[in-house]
Trainee: 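Pasting a structure here, questions to come.
Chain A is the first sequence line, chain B the second, and so forth, proteins listed ahead of strands; every chain is numbered from 1.
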Amino acid sequence: MRIAAWNVNSIRARLPNVLEWLREAAPDVVLLQEIKTTEDSFPRLEIEDLGYTCAINGQKTYNGVAILSKQPLRDVKHDLPNGDGDDHARWIEARVDARDGGVRVASLYLPNGNPVGTDKFAYKLAWMDRLAAHARDLLAAEEPLVLGGDWNVIPADDDCHDPAAWAGDALAQPDSRRRFRALVHSGFTEAWRALHDERHIYTFWDYQAGAYQKDNGIRIDHFLLSPQATDRLAACEIDRGPRARPKASDHTPIWCELRD
DNA sequence: ATGCCGGGCGAAGCCCGA
């Protein structure tokens with residue numbers, strides 16, 4: 001089973017690119033972030049025409065996440081527990097009902113958190129704490145589990161082109177990295193890093209200043225796998241193709257392959 | 001570099017992203 005994650009930076013603006021990539025890459029499951037639209041305006045029919053069923057946690061203008069799957073989706077849950085008034089659409093989870101026993105997946109869009117020292121950064125850290133608590137509960141089920149999406153965390157300095165340029169950024173703060181590391185150490189495997197020794201490999205390149213052409217990027221889109229999913233992990237790759245296309249998202253897809 | 005691009009909203013210019 002191949003599971004991909006992609007921050008598309010508006011599903012409506014990106015629809016031709018997304019449909020082309022779905023036809024070419026044909027993942028079994030796709031975790032989308034920043035769809036930037038409500039379920040009413042989500043291009044469900046075009047995506048269903050390619051054989052996918054859709055589960056959507058949408059929001060007008062900002063955020064929004066979705067799960068696309070060629071197999072049926074069960075037990076769809078919107079939002080992390082204990083939101084306490086949080087109205088950002090940044091989480092959706094579901095169980096993929098497949099012959100191999102299936103897998104639970106979540107599509108997450110972790111808050112950016114800039115500027116550091118503001119309520120936005122506090123919101124990022126609080127969201128990460130809520131995520132850690134829910135992840136502990138999910139791990140307790142001892143099932144194959146894949147948490148994928150835009151984590152807005154640069155795990156280490158060699159996951160970006162210029163650590164000095166990112167030192168003051170919310171994505172590289174010790175408080176952000178510590179929470180990410182603690183989550184991994186609570187029982188997950190970061191799939192791409194587990195399978196790759198290469199440094200300075202990226203999933204995001206800014207639109208500005210020719211960042212993609214100069215490969216000035218950061219690695220912030222990740223998969224965290226439970227032990228039961230890690231046992232089945234066969235590959236994890238970053239697909240740079242879509243970032244080079246006209247009208248690209250500033251993120252490119254990442255995917256992992258689980259053995260049946 | 002901190003808004004140089006790009007998207008949403010809505011019909012100009014501002015908010016937001018990372």
Side-chain angles (χ1 to χ4, degrees), chain A residues 5-19 21 31-43 56-66 86-91 107-128 131 148-177 179-180 192 200-222 238 240 242-254:
Chain A
W6 191 8
N7 179 323
V8 293
N9 186 17
S10 167
I11 187 63
R12 287 189 289 175
R14 211 66 57 215
L15 188 59
N17 301 43
V18 170
L19 294 177
W21 173 78
L31 312 175
L32 297 177
Q33 298 84 43
E34 273 206 282
I35 62 172
K36 287 187 169 180
T37 191
T38 56
E39 184 161 2
D40 292 348
S41 303
F42 187 90
I56 299 155
N57 182 11
Q59 183 176 344
K60 183 180 170 69
T61 309
Y62 305 117
N63 311 315
V65 289
D86 183 6
D87 59 354
H88 292 205
R90 297 181 175 275
W91 177 272
S107 174
L108 68 100
Y109 178 44
L110 206 144
N112 171 301
N114 279 303
V116 173
T118 66
D119 56 351
K120 291 190 176 184
F121 190 63
Y123 172 67
K124 179 192 190 103
L125 299 183
W127 202 93
M128 294 185 84
L131 171 56
D150 177 358
W151 292 72
N152 268 320
V153 175
I154 303 168
D157 276 353
D158 53 19
D159 291 312
C160 67
H161 72 283
D162 182 2
W166 291 92
D169 196 279
L171 281 64
Q173 287 308 294
D175 279 338
S176 309
R177 287 177 168 171
R179 280 168 174 78
F180 183 76
W192 192 87
H200 303 283
I201 303 294
Y202 311 125
T203 63
F204 168 93
W205 300 261
D206 200 284
Y207 285 121
Q208 300 175 90
Y212 180 69
Q213 288 72 20
K214 293 186 276 192
D215 200 27
N216 290 347
I218 52 178
R219 193 172 72 90
I220 57 174
D221 298 274
H222 312 296
I238 296 163
R240 284 180 59 132
R243 185 61 182 83
R245 301 288 178 87
K247 292 281 288 179
S249 168
D250 39 9
H251 295 251
T252 214
I254 179 171

Trainee: Is there a donor in the side chain of A/Gln208 and an acceptor in the side chain of A/Asp206, or the other way round, less than 3.5 Å apart?
Mentor: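 A donor-acceptor contact under 3.5 Å links the two side chains.
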
Trainee: Just by distance, no angles: are the side chains of A/Asn9 and A/Lys36 close enough, under 3.5 Å, to form a donor-acceptor pair?
Mentor: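 Yes.
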
Trainee: If I pick the C1' atom on B/dA12 and the same atom on B/dG7, what distance separates them, to the nearest angstrom?
Mentor: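 It works out to 16 Å between them.
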
Trainee: Could you check how far CG of A/Asn63 sits from C1' of B/dC15, rounded to whole Å?
Mentor: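 In whole Å, B/dC15 C1' and A/Asn63 CG are 13 Å from each other.
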
Trainee: Reckon A/Asn152 touches a base, only the sugar-phosphate, or nothing at all at heavy-atom distances under 4.0 Å?
Mentor: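 Answer is sugar-phosphate: A/Asn152 comes under 4.0 Å of backbone atoms only.
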
Trainee: Please state the P separation for the pair B/dG3 and B/dC16 - nearest whole angstrom.
Mentor: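 Result for the P pair: 14 Å, nearest Å.
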
Trainee: Is a donor from one side chain sitting under 3.5 angstrom from an acceptor on the other, for A/Asn114 and A/Asp169?
Mentor: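 There is such a pair (donor and acceptor under 3.5 Å, judged by atom type) between the side chains of A/Asn114 and A/Asp169.
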
Trainee: What is the distance, to the nearest angstrom, from the NE2 atom on A/His251 to the C1' atom on B/dG17?
Mentor: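 Whole-Å distance recorded here is 8 Å.
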
Trainee: Just so I know, are the side chains of A/Asp221 and A/Trp192 near enough to count as touching, which here means a heavy-atom distance under 4.5 Å?
Mentor: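 No. Closest side-chain heavy atoms not under 4.5 Å.
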
Trainee: Who pairs with A/Arg243 by salt bridge (charged side-chain N to carboxylate O under 4.0 Å, His left out), at least two apart in sequence or on another chain?
Mentor: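 Partners of A/Arg243 by the salt bridge (charged side-chain N to carboxylate O under 4.0 Å, His left out) criterion come out as none, since no residue qualifies.
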
Trainee: Base, sugar-phosphate, or nothing: which does A/Ile154 touch, judged by heavy atoms less than 4.0 Å apart?
Mentor: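 Answer is nothing: A/Ile154 stays at 4.0 Å or more from every strand.
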
Trainee: May I ask you to say what A/Asn7 touches in the nucleic acid, namely base, sugar-phosphate or nothing, with a heavy-atom cut-off under 4.0 Å?
Mentor: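 Contact class for A/Asn7: sugar-phosphate only.
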
Trainee: Can you tell me the distance, in whole Å, between the CD atom of A/Gln59 and the P atom of B/dG8?
Mentor: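 Roughly 14 Å, once rounded to whole Å.
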
Trainee: Which value, in whole Å, describes the distance between the C1' atoms of nucleotides B/dC15 and B/dT2?
Mentor: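 15 Å, rounded to whole Å.
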
Trainee: Can you pull every protein N or O that's under 3.5 Å from an N or O on nucleotides 2-7 of chain B?
Mentor:
residue : atom : partner  : partner atom : Å
B/dG3   : N2   : A/Gln208 : NE2          : 2.8
B/dG3   : N3   : A/Gln208 : NE2          : 3.1
B/dG7   : OP1  : A/Arg14  : NH1          : 3.1
B/dG7   : OP1  : A/Lys247 : NZ           : 3.4
B/dG7   : O3'  : A/Ser10  : OG           : 3.3

Trainee: Quickly work out the A/Lys120 NZ to B/dG17 C1' distance and round it to whole Å.
Mentor: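 In whole Å, B/dG17 C1' and A/Lys120 NZ are 9 Å from each other.
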
Trainee: Expressed in whole Å, how much space separates the P atoms belonging to B/dG6 and B/dG10?
Mentor: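 Going atom to atom, P in each nucleotide, I get 23 Å.
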
Trainee: Specify whether A/Trp166 and A/His161 have parallel, tilted or perpendicular ring planes, treating 30° as the upper limit for parallel and 60° as the lower limit for perpendicular.
Mentor: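 Ring orientation of A/Trp166 relative to A/His161: perpendicular.
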
Trainee: B/dG17 P sits how many Å from A/Tyr123 OH, rounded?
Mentor: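 These atoms are roughly 10 Å apart.
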
Trainee: Take atom P in B/dC4 and the same atom in B/dG13, then report the distance between them in whole Å.
Mentor: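 Their P atoms lie roughly 15 Å apart.
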
Trainee: Taking only N and O in the side chain of A/Lys60, is any of them less than 4.0 Å away from OP1 or OP2 of B/dC9?
Mentor: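 Yes, within the criterion.
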
Trainee: Rounded off to whole Å, could you give me the CZ-to-C1' distance for the A/Phe121 and B/dC16 pair?
Mentor: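 Rounded to whole Å, this separation is 18 Å.
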
Trainee: For a quick check of understanding: with a heavy-atom distance under 4.0 Å over all strands, which category does A/Lys124 fall into, base, sugar-phosphate or nothing?
Mentor: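 The residue A/Lys124 makes no contact with any strand.
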
Trainee: Who passes ring pair (Phe, Tyr, Trp, His ring centres under 6.0 Å) against A/Phe204, sequence neighbours left out?
Mentor: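 If we apply the ring pair (Phe, Tyr, Trp, His ring centres under 6.0 Å) test to A/Phe204, skipping adjacent residues, the hits are A/His251.
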
Trainee: Checking all strands, does A/Asn216 fall into the base, sugar-phosphate, or nothing category for heavy-atom contacts under 4.0 angstrom?
Mentor: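 Nothing: the residue A/Asn216, judged by heavy atoms under 4.0 Å, touches no strand.
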
Trainee: With side chain to side chain donor-acceptor pair (under 3.5 Å) as the test, pick out the partner of A/Asn7 among A/Arg14, A/Gln33, A/Glu34.
Mentor: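 When side chain to side chain donor-acceptor pair (under 3.5 Å) is applied between A/Asn7 and each of A/Arg14, A/Gln33, A/Glu34, only A/Glu34 qualifies.
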
Trainee: Which part of the nucleic acid, if any, lies within reach of A/Tyr109 when heavy atoms closer than 4.0 Å are counted: base, sugar-phosphate only, or nothing?
Mentor: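 A/Tyr109: backbone/sugar contact only, no base atoms under 4.0 Å.
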
